[in-house]
2 protein chains.
Amino acid sequence: MTTASTAPVFAALGDPHRQQLIMMLARGGAASASSLAPSLPVSRQAVDRHLRVLTGAGLLERRRSGRQVLYSVRRAELDRSADWLRELADGWDKRLSAIKESAEGTGQAPALEKNPTDK
Amino acid sequence: MTTASTAPVFAALGDPHRQQLIMMLARGGAASASSLAPSLPVSRQAVDRHLRVLTGAGLLERRRSGRQVLYSVRRAELDRSADWLRELADGWDKRLSAIKESAEGTGQAPALEKNPTDK
DNA sequence: TTGATCTGCAATGAAAGTGTTGCACTTTGC
DNA sequence: GCAAAGTGCAACACTTTCATTGCAGATCAA
């Protein structure tokens with residue numbers, strides 16, 4: 001399964017400035033740190049560091065174009081993380097269904113209160 | 001639109017231990033910090049703090065049951081974050097389509113290189 | 001009431017993240 | 001070559017996060 005490999009992606013998306021940057025890139029197309037910086041209340045260097053964090057998480061792509069470096073969105077990684085969330089939610093849904101069924105069968109409160117890890 | 005309100009959720013999901021905890025809760029049902037702690041290589045207090053972070057992000061629900069406190073998954077918040085990701089990916093897709101269309105019309109490389117924020 | 005179990009909270013320290021400034025380097029156009 | 005524009009990187013301060021230990025308080029069963 002998709003274990004903890006999505007953690008860096010979520011960590012990267014966990015910063016408001018980085019969210020803003022990736023939204024700007026998704027809507028406006030590829031852009032450089034210098035061109036994005038004026039839209040944020042931080043320095044050009046700080047923006048570049050954020051973009052590198054996003055790139056490191058696999059969410060962005062870097063490529064050189066003349067004297068500037070352009071960042072653009074990598075959709076695959078977005079999809080992967082969305083899938084992880086969906087699987088998590090579905091797992092929880094199955095759990096709820098199983099509990100409901102069990103409750104209907106026995107007529108009493110199910111194993112929700114039970115510890116999954118007794119030692 | 002869903003702006004930066006999902007940032008705390010992603011930040012909460014950005015830690016491997018917290019991912020592990022929420023997966024355990026989704027699969028095993030509600031549980032307390034004490035019962036979850038033996039499955040992780042950290043102390044009971046550390047686990048409780050992680051669970052509180054997840055709760056603060058809206059991902060978990062706390063309720064008292066006798067002498068223990070049980071945490072369980074709140075599906076709504078998972079869905080909200082998954083939606084945010086999907087919108088982001090879709091936005092990028094639309095952008096790509098527009099570029100492709102523009103390229104077909106003019107017969108040359110489109111605005112991918114252009115800065116969206118000129119100042 | 002007593003003892004065992006579980007939670008709540010404070011203090012502490014190590015580590016990582018965020019943002020800044022300053023400067024060097026590369027590329028481009030004249 | 002020279003200047004302008006853009007990127008790369010290092011040092012620094014500040015804040016936050018992660019995890020620990022220790023102890024107090026609450027709850028339950030006998």
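Throughout, a chain's letter reflects where its sequence line sits, starting with A, and its residues are numbered from 1. Atom set for the values below is all heavy atoms of this structure, side chains included, hydrogens, waters and symmetry mates excluded. Just so it is clear, the structure is predicted and the values come from calculations on it, not from any experiment.
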Could you tell me the separation between the CD atom of B/Gln19 and the P atom of D/dC18, rounded to a whole number of Å?
-> 13 Å
To the side chain of A/Arg67, which of C/dT28, D/dC28, C/dG19 is closest?
-> C/dT28
Could you tell me whether A/Arg52 and A/Asp48 have a side-chain N and a carboxylate O separated by less than 4.0 Å?
-> yes
So does A/Ser43 get a side-chain nitrogen or oxygen closer than 4.0 Å to the phosphate oxygens (OP1/OP2) of C/dT20?
-> yes
Please confirm whether any donor atom in the side chain of B/Arg44 sits under 3.5 Å from an acceptor in the base of C/dG8, or the reverse.
-> yes
Following the transitive rule for hydrophobic clusters with a side-chain heavy-atom cut-off under 4.5 Å over Ile, Leu, Val, Met, Phe, Trp and Tyr, establish whether B/Leu13 and B/Met23 coincide in one cluster.
-> yes
With a 4.0 Å cut-off, would you call A/Arg75 and A/Asp79 a salt bridge?
-> yes
Would you please confirm or rule out a distance under 4.0 Å between OP1 or OP2 of D/dT17 and any side-chain N or O of B/His50?
-> no
Could you check how far CG of A/Leu21 sits from P of C/dG19, rounded to whole Å?
-> 10 Å
Figure out the CG/P separation between B/Asp48 and D/dC23, and round it to whole Å.
-> 20 Å
Could you grab the distance from atom CD of B/Gln20 to atom CG of B/Leu25, nearest 0.5 Å is fine?
-> 11.5 Å
Report the nucleotide, chosen from D/dA19, C/dT20, D/dG6, that has the shortest atom-to-atom distance to any side-chain atom of B/Ala46.
-> D/dA19
Any donor-acceptor pair under 3.5 Å between the side chain of A/Arg49 and the base of C/dG17?
-> no
Per A/Gln68 side chain, nearest of listed nucleotides D/dG22, D/dA19, D/dG6 | D/dG6
In the single-linkage hydrophobic clustering (I, L, V, M, F, W, Y; side-chain heavy atoms under 4.5 Å), do B/Val53 and B/Leu78 co-cluster?
-> no
A/Asp90/A/Arg86 ion pair, N-O < 4.0 Å = no
Positions of residues 52-60 of chain A (non-hydrogen atom under 4.0 Å from DNA chain C), listed by number = none
Does a side chain donor of either A/Gln19 or B/Thr6 reach within less than 3.5 Å of an acceptor in the other side chain?
-> yes
Please determine if a side-chain N or O atom of A/His17 lies less than 4.0 Å away from the OP1 or OP2 oxygen of C/dG19.
-> yes
Counting only side-chain N and O atoms of A/Arg18, is one of them less than 4.0 Å from OP1 or OP2 of C/dT18?
-> yes
Could you pick out which residue, A/Gln45 or A/Asp15, lies toward the 5' side of DNA chain C when each is mapped onto its nearest nucleotide?
-> A/Asp15
